[in-house]
Amino acid sequence: MVKINSCVFISGRGTNLNQLLINSNSYNFPLNIKLVISNNKNAFGLKIAKKFAIPCFIINHKNSLFEEKTLTTLKTNKIDLILLAGYMKMLSKKFINTFGKKIVNIHPSLLPKFKGLNTYKNIIKTREKKTGCTVHYVNEKLDSGKIILKKSFFVENSDTIEVLKKKTQKLEYKAYSEAIIKLFNKN
Ligand code: GRF
């Protein structure tokens with residue numbers, strides 16, 4: 001099995017990262033997660049990366065050279081795929097073009113509906129019947145790249161923001177890995 005050298009970008013809890021790391025330990029899963037990059041030095045996901053002994057690199061956006069430094073780190077580690085998992089910053093067009101390889105994101109709605117922030121709040125406000133998550137390629141526009149895979153469920157009247165988040169994230173853990181298998185598992 002050829003495993004793709006990958007880097008996961010995070011900003012927060014890292015529960016998607018955790019699932020990707022668990023799956024990448026399996027022989028059949030086409031990811032070799034070599035690196036975790038965070039723009040938040042206090043992200044809980046960094047503790048998860050540490051548990052799996054994955055090297056971490058912290059980005060400081062205040063440093064004007066942060067994109068160049070990140071690109072160098074990706075190159076040094078021979079990274080062929082970036083997976084965004086709760087990474088809360090937009091990647092610039094220049095960064096995307098210079099990296100020049102696949103960048104994938106997971107978003108907690110059925111795109112193109114509910115791009116950006118406050119997804120769960122807006123889903124409840126507009127009384128959506130169905131919601132879910134989307135795995136998509138990243139381009140320079142927010143949550144707008146080509147869709148790879150979506151998974152959905154029916155919203156119940158009693159669903160609160162917290163409940164929706166729980167249901168969506170449970171689905172995300174399956175969706176992200178299925179999307180990766182769809183893209184790279186040529187067996
Ligand atoms: C996920 O719900 C993902 O869809 C969104 O940010 C959240 C990250 O959660 N982009 P976690 O850090 O993986 O727990």
Side-chain angles (χ1 to χ4, degrees), residues 6-25 29 31 33-52 54-59 61 81-92 95-96 102-126 128 130-155 159-183:
S6 315
C7 174
V8 183
F9 280 43
I10 60 165
S11 299
R13 285 199 313 150
T15 59
N16 277 283
L17 166 68
N18 186 55
Q19 192 60 51
L20 291 170
L21 283 166
I22 291 170
N23 292 352
S24 68
N25 277 337
F29 194 70
L31 285 194
I33 300 176
K34 288 191 76 179
L35 191 66
V36 168
I37 289 185
S38 174
N39 64 338
N40 170 11
K41 66 178 183 351
N42 299 316
F44 186 78
L46 290 170
K47 294 203 170 78
I48 296 173
K50 203 171 167 200
K51 200 176 90 191
F52 283 82
I54 308 296
C56 296
F57 179 75
I58 313 287
I59 298 178
H61 293 113
L81 170 71
I82 294 176
L83 298 167
L84 307 184
Y87 181 67
M88 301 303 284
K89 272 266 174 201
M90 291 280 293
L91 298 176
S92 74
F95 180 93
I96 294 168
K102 286 188 172 79
I103 308 179
V104 175
N105 181 40
I106 187 155
H107 183 76
S109 76
L110 297 173
L111 291 173
K113 283 186 167 179
F114 305 105
K115 295 178 182 178
L117 297 175
N118 300 318
T119 324
Y120 304 117
K121 193 176 157 195
N122 292 331
I123 288 165
I124 288 177
K125 205 165 130 194
T126 53
E128 290 297 297
K130 245 178 157 188
T131 186
C133 60
T134 307
V135 182
H136 64 95
Y137 285 114
V138 172
N139 61 19
E140 70 275 15
K141 290 193 195 132
L142 182 65
D143 300 326
S144 297
K146 190 172 171 235
I147 291 170
I148 300 162
L149 185 146
K150 292 192 211 188
K151 274 192 182 290
S152 64
F153 63 91
F154 286 101
V155 180
D159 283 350
T160 58
I161 290 179
E162 272 314 304
V163 171
L164 268 193
K165 185 174 173 185
K166 255 198 185 136
K167 288 183 179 175
T168 306
Q169 290 207 320
K170 202 171 160 202
L171 214 53
E172 285 188 336
Y173 307 145
K174 287 192 190 135
Y176 219 166
S177 293
E178 272 184 42
I180 288 159
I181 288 169
K182 187 175 164 189
L183 290 181

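In listed order, ligands and their atoms are each counted from 1.
Inter-residue side-chain proximity for Tyr176 and Gln19 is flagged as unmet; no heavy-atom pair is nearer than 4.5 Å.
In terms of protein heavy-atom proximity, atom 6 (O) of ligand 1 is closest to Gly86 CA, 3.4 Å. Ranking the protein heavy atoms by distance from atom 1 (C) of ligand 1 puts Glu172 OE1, 3.1 Å first. Of all protein heavy atoms, the one closest to atom 14 (O) of ligand 1 is Thr15 OG1, 2.5 Å. Of the protein's non-hydrogen atoms, Gln169 NE2, 3.2 Å is the one closest to atom 9 (O) of ligand 1.
Interface of Arg13 with ligand 1, defined as ligand atoms under 4.0 Å from a residue heavy atom, comprises 12 (O), 14 (O).
Under a 4.0 Å N-O distance rule, the pair Lys151/Glu172 does not qualify as a salt bridge.
Considering backbone and side-chain N/O atoms, Tyr173 never comes within less than 3.5 Å of an N/O atom of ligand 1. The distance criterion of under 3.5 Å between nitrogen or oxygen atoms is not met by Asn105 with respect to ligand 1. For ligand 1, the polar-atom distance check finds an N/O of Gly14 within less than 3.5 Å of one of the ligand's N/O atoms. Of the N or O atoms in Ile106, one or more lie within a sub-3.5 Å distance of an N or O in ligand 1.
Note on ring orientation: taking the six-membered ring where Trp is involved, the planes of Tyr87 and His61 are tilted (angle from 30° to 60°).
Note: Cys7 SG to Ile82 CD1 = 6.0 Å, rounded to the nearest 0.5 Å.
In this structure, the side chain of Lys150 engages the main chain of Leu111 through a donor-acceptor pair within 3.5 Å.
Seen from the ring of Phe154, Lys130 counts as a face-on cation partner, given the 6.0 Å and 45° thresholds.
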Could you walk me through whether Gln169 and Arg13 pass the side chain to side chain contact (heavy atoms under 4.5 Å, CB included) test, one step at a time?
CA-CA 12 Å; Gln169 290 207 320; Arg13 285 199 313 150; 2.5 Å; yes
